[in-house]
Asks: 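Sharing a structure with you now.
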Amino acid sequence: MNPVWIIAKKRDGGELTDAEIAHFVTNYVSGEIPDYQMSALAMAIFLRGMTSAETAALTDCMLDSGDRLTWDENNLPLVDKHSTGGIGDKVSLLLTPMLACCDLQVPMISGRGLGATGGTLDKLESIPGFRTDLSREEMRNVIQTVGCVITGATADLVPADRKLYALRDVTATVPSIPLITASIMSKKLAEGLDALVLDVKFGSGAFMRTVESARELAQSLVDTGRRMGVSTTALLTDMNQPLGRQVGNAIEVNEAVAALEGNGPSDLMEVTLALGAEVLVSAGQADASGDARKQLQKTIDSGAAREKFAQMVAAQSGDLDAPRLVAPSSEVLATRSGYIAAIDAELLGQAVIAMRGGRQQLGDTLDHSTGFEMQVRLGDHVETAQPLACIFAASDTSENGRAKLTEAIQIADEPPVVGALVLERVV
Ligand code: URA
């Protein structure tokens with residue numbers, strides 16, 4: 001099969017066969033098909049899209065490019081949650097131990113910051129000693145002893161995504177629904193799950209800016225999960241402002257620990273409980289959402305989830321009690337009075353990157369101590385010189401972060417219309 005014909009077929013809007021997709025992906029991973037031909041196909045897919053059959057075939061080939069995780073039989077359902085990425089999204093840090101307290105096992109393979117969004121692994125690495133590079137055997141041990149683990153992908157897990165994702169990142173082909181579906185679902189399906197919930201975000205800090213595109217992505221992800229025999233649902237959640245108050249690495253871990261101690265902000269708790277309830281019902285641990293929420297809330301009220309998180313951190317060589325450094329703080333003040341009318345959450349993510357809390361280039365070393373605390377929410381009324389946020393930054397990056405924050409938060413005479421945080425369920 002000539003790769004050029006396959007590229008041309010997609011370029012002209014044709015539907016690729018399973019064999020054509022398999023040929024292209026297999027030979028790309030082995031190095032027979034060069035990056036420039038894969039880039040051309042990725043762009044053709046970005047522009048022309050894929051049918052659900054093509055998306056399924058692409059997901060299958062990517063999944064088959066590596067190994068799948070296998071687990072010891074103990075009859076506890078294996079579950080996970082995946083977010084398409086947002087600003088201040090620390091739900092994984094809370095939900096993973098909460099689910100493990102409900103007779104579920106959570107083998108979460110997570111990622112680093114992508115674009116302006118923060119990454120769970122980067123956040124966890126602000127805990128002194130915490131390891132995110134566990135081998136498969138180490139992962140299995142942590143699951144067996146604690147019931148949950150959060151770590152990075154090993155090299156043998158979906159190598160096709162590792163290679164293709166890096167290429168998409170530099171060829172402007174990331175925001176494509178079939179490519180995102182195959183990328184996310186191949187990695188999640190390799191975990192050997194029974195149930196999965198997807199947090200598909202829409203808004204100014206999300207990959208999918210509109211509700212319509214988020215809905216389309218959610219349906220594609222759910223259909224792919226179901227087809228592979230995993231009980232999968234998705235929630236569309238609002239990312240027009242940060243989730244919780246803290247945005248950064250160490251400070252997000254602090255907020256997650258406070259939430260596990262019963263002091264979480266209401267928006268963070270709402271999204272966490274809604275996603276957790278989906279998992280409990282899908283995995284058969286609860287009959288209905290109300291019962292599931294009660295079970296999840298109990299893991300916090302009893303202190304069990306906080307204890308489970310500490311156990312997971314210790315099993316991954318981290319020291320939760322060791323101090324997590326937070327950079328010196330300064331305030332960002334409102335330049336006028338009025339309502340918080342709009343927040344450019346992507347720009348807030350860029351502010352963290354400017355303060356070295358995220359990467360500008362592959363391989364950049366992060367400063368985990370930086371970030372900011374939001375002191376206002378959409379719709380709040382503020383007076384001139386009232387604090388909007390508190391910045392944590394080293395002196396050389398603080399001004400850059402401040403400028404981005406100031407630009408990101410718009411104040412107007414009229415209050416905005418603020419929509420529902422958890423907008424809808426996609427099944
Ligand atoms: N997250 C992924 O893992 N892959 C994508 O393509 C987009 C977001």
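Start at 1 with the first residue, then count along the sequence. The model shown is predicted, which means the values in this text are computed figures rather than measured ones. We count ligands from 1, going down the list as the structure has it; atoms in each ligand are counted the same way.
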Asks: Find all protein N or O atoms under 3.5 angstrom from an N or O atom of ligand 1 and list the pairs with distances, or write 'none'.
Replies:
unit_1, atom_1, unit_2, atom_2, d
ligand 1, 3 (O), K187, NZ, 2.5
ligand 1, 4 (N), S183, OG, 2.7
ligand 1, 6 (O), R168, NH1, 2.9
ligand 1, 6 (O), R168, NH2, 2.9
ligand 1, 6 (O), S183, OG, 3.4

Asks: So, E125 and T132: side-chain donor and acceptor under 3.5 Å apart, yes or no?
Replies: yes
Asks: Under the side chain to side chain contact (heavy atoms under 4.5 Å, CB included) rule, collect the residues that match up with V417, sequence neighbours excluded.
Replies: none
Asks: Compute whether any side-chain donor of one residue and acceptor of the other, for S83 and D89, lie under 3.5 angstrom apart.
Replies: yes
Asks: Quick test of your reading of the model: are K201 and D199 salt-bridged, counting only N-O distances below 4.0 Å?
Replies: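 A salt bridge links K201 with D199.
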Asks: Please list, chain by chain and in numerical order, all residues satisfying side-chain hydrogen bond (donor to acceptor under 3.5 Å, both in side chains) with T210, sequence neighbours excluded.
Replies: S213
Asks: Check residues 419-427 and write down every donor-acceptor pair under 3.5 Å in which the side-chain atom is one partner and the other belongs to a residue at least two apart or another chain.
Replies:
unit_1, atom_1, unit_2, atom_2, d
E424, OE1, R215, NH2, 3.1
E424, OE2, R215, NE, 2.6
R425, NE, E278, OE1, 3.0
R425, NE, E278, OE2, 2.7
R425, NH2, E278, OE1, 3.3

